[in-house]
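Report on the structure given below.
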Amino acid sequence: MKVGLFIPCYVDQFYPKVGIATLQLLEKLGCQVSYPPKQTCCGQPMANSGYEHLTHDCNRLFMNNFSEYDYIVSPSGSCVLHIKEHLHAPENETQNEGKATHIRKRIYELTEFLTDILKVENLEARFPFRVGLHQSCHGQRGLHLSQMSELVATPFSKPEQLLNMVKDVELVKLSRKDECCGFGGTFCVAEEAVSSRMGIDRIDDHVKNGTQVLTGGDMSCLMHLEGVIRRRKLPIKVMHIAEILTATE
Amino acid sequence: MTINHATAAEKFNKDFDRTTWHDETLWWVRQKRDRAAFSIPEWEKLRDTASQIKHNVLSNLDTYLVEFEKNAQKNGITVHWAADAHEHNEIILSILKKQGVTQIVKSKSMLTEECHLNPYLAENGVEVVDTDLGERIVQLADEPPSHIVLPCIHWKKEEIGVLFHKHLGTPEGCADPTLLTHAARENLREKFLTRRVAITGVNFAVAETGEFVVCTNEGNADMGAHLADVHIACMGIEKIIPQRAHLGVFLRLLARSATGQPITTYSSHFAKPRAGQEMHLVLVDNGRTTQLGREEFRNSLKCIRCGACMNTCPVYRRSGGHSYHNAVAGPIGSILAPNLDMTKNADLPFASTLCGSCSNVCPVKINIHEQLYEWRQVLTKSGHSPTAKTLGMKAMAAVLSNPSVYRLSGKMGRLALANVPFVVNNSLNPWYKQREMPEPPKESFGEWYKKNRG
Ligand code: SF4
């Protein structure tokens, strides 16, 4: 199984350890993983700002980088959702739409790839801390990684399923289990006041319920929340879920 | 000039505790909605059904409207058609003039808010008394409603006490909701008894019977309509449902989604004028046919104005209804408003994180967050985006579509990804106001990979 590793731009630049943990986890589970060196970004920052029409070059690049793989895996639900919903060949290159379709169908967020494709049932990991899971909206409501609190439906959670395989993890119960953190791409600067307030409120929920380590599948939300935590000098550590799933503490 | 959403929201957030209170009050309503929804095992099926009924309505709106008009006329209702807000207001004024009336009562109608009926009538010498308690409060305070179901949700009871003391003479310092409600009722009673014309909104208009249904919790629509010689009901053309039986779907969804009640206290059917009474019904387009013609936004017309999308919206809860500068606030307002005026409302589709909670609570399954995304594209393409933003986005696109430029910008100290708007670490960057920047690592993942796996 040939897996192409997609490491989004801000993870590449700011959180290389998340990329490393993702790579090591997939390798440990027997995947043949490579990282196409010419990758950059999924194009979402432009598209969500109303500039989807400027993403053609990004899309072309993405297709060139990833169309040869059986699966494309990424430690970011938001970027995966963007590709799934919006990756198409530029209008005058419709002969490449097949490549785009292949990628849209074969791209997976890390946790769903582990539960649904690799069907992981146990992990050799130990992490003796109280862990608070942040459900990122694009992963949850977009990719359905977990059941959404608004729907009258049976609960499930792919990230929780995996965290429960890690020895000694204690999952924290939150007052609002799937409220948005307020990151929202360019929203975080365009609507700074509301964005920050939402981040503060999310963190407050974790503080009140005793989170020691805050985790999630989307580094963008975590970057925003970590920004709030560090500014307020709170004793909460932030780690991507891939880091916990590979932990041996 | 209207203040844009971000600026108004920043002002709202200056009062930290009040923002907490506003958020928690609405979250409590969202939780009530959850409990009500979860008490119905077939809830999701109900939403599906409602959405499909509305789908049918929108696909055959012309036929249903004509059918409704024919049946309503048969019942003795006078039907008027208004192309826009202005025509709607003129029609109402002409009815009042014919009656020689200068004082009227009005129960809740978001449509008349949308058409700015009250100021129009005031300019023409007509005094309107809003009879919904929440609307009465904002009317006394000379403000627009901040929420379509809970118009004065941004007011604390102590503040209402002060307002009532000033306007209705309640004892100073009285903030007891029962006493305040009683005082408002007493004051309204006199209006109900003396006003000869009453305006109401419409929740549902049934094509097969020509009747319309008005839902309230206070019975104020009924008080107004039953005591008046002339009843004028105003509705947007999308309020049609084909059959009376469909109320069994919509009434179950409406109150549960809105306030968590099983049903509104009064769901009143108005089929024909009583002997000696005149009944008018104004059917209003005001941009609805334009929206019907915009395929990606058409479904926004399914809205039954329950307000659930506002109560669940994390941005609405922390910015307040007035920050949306539109009669309908929140997520639904943000996809309806640009249809009415793109220039004035270009900011609204961006007042969202696209979290998607609104689409999940919506009883008629409007894909609200997807439409917010689509409006962003439409607004940008039609030139409603600031030039600086366009330049920034073009620069970002140039960096991100060229791997070597991207790597080089990354090398120049991590922070040189300056075109990704959230990574500029200086005090002018809004990011930095309340958050720290990530600490730049010594190498990127790409560099690490080249060394360790390359
Ligand atoms: S869009 Fe849906 S949730 Fe929002 S007010 Fe309308 S019906 Fe209710």
Side-chain angles (χ1 to χ4, degrees), chain A residues 7 9-17 19-20 35 37-41 43 45-46 48-55 57-58 60-61 137 141-142 148-153 176 179-180 182-184 186-194 196-201 223-224 226-228 230-231, chain B residues 6 9-10 13 19 23 34 37-38 40-41 43-44 312 314-315 318-319 350-357 360-361 373 376-377 379-381 385 389 393-394 396-397 400-401 403 406 410 414 417 420-423 429-431 433-438 440-441 443-446 448-450 453:
Chain A
I7 300 297
C9 52
Y10 66 95
V11 175
D12 173 48
Q13 292 297 321
F14 290 109
Y15 298 100
K17 57 183 180 156
I20 296 168
Y35 170 79
K38 286 193 172 148
Q39 59 181 288
T40 59
C41 170
M46 281 88 78
N48 276 5
S49 306
Y51 293 80
E52 195 180 328
H53 59 284
L54 295 184
T55 59
D57 293 340
C58 258
R60 193 182 297 112
L61 185 63
C137 303
R141 298 195 180 84
M148 301 154 268
S149 64
E150 301 90 0
L151 299 187
V152 177
R176 299 188 193 178
E179 172 130 312
C180 176
F183 172 67
T186 43
F187 180 89
C188 74
V189 283
E191 287 264 6
E192 183 277 331
V194 180
S196 296
R197 182 58 211 249
M198 286 168 68
I200 290 167
D201 289 352
M223 173 167 75
H224 159 71
E226 187 180 35
V228 172
R230 284 182 40 221
R231 174 62 59 89
Chain B
E10 192 179 346
N13 273 277
T19 306
D23 166 67
D34 287 353
F38 277 82
I40 309 238
W43 181 257
E44 300 304 332
T312 202
V315 177
R318 293 174 184 82
S319 60
F350 293 92
S352 163
T353 60
L354 306 181
C355 78
S357 185
N360 275 349
V361 293
Y373 177 90
R376 293 179 183 188
Q377 313 308 324
L379 288 163
T380 301
K381 277 199 187 153
S385 193
K389 185 175 171 188
M393 287 294 158
K394 282 193 174 150
M396 193 199 306
L400 294 176
S401 53
Y406 165 81
R414 297 294 155 250
L417 257 183
V420 180
F422 46 83
V423 297
N429 185 331
W431 172 281
K433 271 196 191 167
Q434 304 188 59
R435 290 163 291 207
E436 296 296 325
M437 289 297 302
E443 58 185 2
S444 68
F445 175 77
W448 177 92
Y449 188 85
K450 209 166 153 193
R453 296 284 194 286

Separation between SG (B:Cys355) and CZ (A:Phe187), nearest 0.5 Å, reads 9.5 Å

Is any side-chain heavy atom of A:Met198 less than 4.5 Å from a side-chain heavy atom of B:Val315?
yes

Which heavy atom in B:Met437 sits nearest to a heavy atom in A:Arg230, and how many Å separate them?
O-NH1, 2.8 Å

Over all atoms of both residues, closest heavy-atom pair of A:Thr186 and B:Met393:
CG2-CE, 4.0 Å

Donor-acceptor check, side chain of B:Tyr449 to backbone of A:Tyr35, threshold 3.5 angstrom: yes or no?
yes

Select one option (side chain, backbone, both, neither) describing which atoms of B:Lys450 are under 4.5 Å from chain A's heavy atoms.
neither

Assess whether side chain to side chain contact (heavy atoms under 4.5 Å, CB included) is satisfied between B:Thr19 and A:Arg197, documenting all intermediate values.
CA-CA 9 Å; B:Thr19 306; A:Arg197 182 58 211 249; 3.6 Å; yes

Tell me if the centroids of the rings in B:Phe445 and A:Tyr15 come within less than 6.0 Å of each other.
no

Part of B:Leu379 lying under 4.5 Å from any heavy atom of chain A:
neither

For the pair A:Glu179 and B:Arg318, find out whether any cationic side-chain nitrogen is under 4.0 Å from an anionic carboxylate oxygen.
yes

In terms of heavy-atom pairs under 4.5 Å, which option from A:Gly199, A:Ser196, A:Cys180 contacts chain B the most?
A:Ser196

Enter the distance from B:Glu44:CD to A:Leu151:CG here, rounded to the nearest 0.5 Å.
5.0 Å

What part of A:Arg141 gets within 4.5 angstrom of chain B, counting heavy atoms only: side chain, backbone, both, or neither?
side chain

4.5 Å side-chain heavy-atom contact, B:Ser385 and A:Tyr51:
yes

Taking every heavy-atom pair that is under 4.5 Å apart, which of B:Ser357, B:Gly446, B:Ala351, B:Pro314 has the most such pairs with chain A?
B:Ser357

Greatest number of non-hydrogen atom pairs under 4.5 angstrom with chain B, of A:Met148, A:Glu226, A:Met46, falls to A:Met46

Chain B: which of A:Arg176, A:Gln39, A:Glu191 shares the most heavy-atom pairs with it under 4.5 Å?
A:Arg176

Where does B:Phe38 contact chain A at under 4.5 Å (heavy atoms): side chain, backbone, both or neither?
both

For A:Leu61, which atoms come within 4.5 Å of any heavy atom of chain B: side chain, backbone, both, or neither?
side chain

Using modelled atom types only, decide if a donor and an acceptor are shared between the side chain of A:Arg231 and the backbone of B:Lys433 within a distance under 3.5 Å.
yes

So CG of B:Leu400 and OG1 of A:Thr40: to nearest 0.5 Å the spacing works out to 5.0 Å

Could you tell me the separation between the NE2 atom of A:His224 and the CZ atom of B:Arg435, rounded to the nearest 0.5 Å?
5.5 Å

How long is the span from the CZ atom in B:Arg376 to the CG atom in A:Asn48, to the nearest 0.5 Å?
6.0 Å

Provide the closest heavy-atom pair for A:Val194 versus B:Ala9 in the form atom of the first, atom of the second, distance.
CG2-CB, 3.5 Å

Would you say that B:Ser444 contacts A:Pro16 through its side chain, given a criterion of any heavy-atom pair below 4.5 Å between the two side chains?
no

Distance, nearest 0.5 Å, that separates OH of B:Tyr373 from CD of A:Glu52:
3.0 Å

With a 4.5 Å cut-off on heavy-atom pairs, point out which of A:Cys137, A:Gly184, A:Gly50, A:Ala193 contacts chain B the most.
A:Gly50

What heavy-atom pair brings A:Glu150 and B:Asn360 nearest, and what distance separates the two atoms?
OE1-ND2, 3.0 Å

If I measure from the heavy atoms of chain B, does A:Ile20 come under 4.5 Å with its side chain, its backbone, both, or neither?
both

Is A:Ser149 close to chain B through its backbone or its side chain, or both, or neither, when contacts mean heavy atoms under 4.5 Å?
both

Heavy-atom pairs under 4.5 Å with chain A - which of B:Ser352, B:Ser319, B:Pro41 has more of them than the others?
B:Ser352

I need the residue from A:Cys41, A:Ser49, A:Pro37, A:Cys58 with the largest number of non-hydrogen atom pairs under 4.5 Å to chain B.
A:Ser49

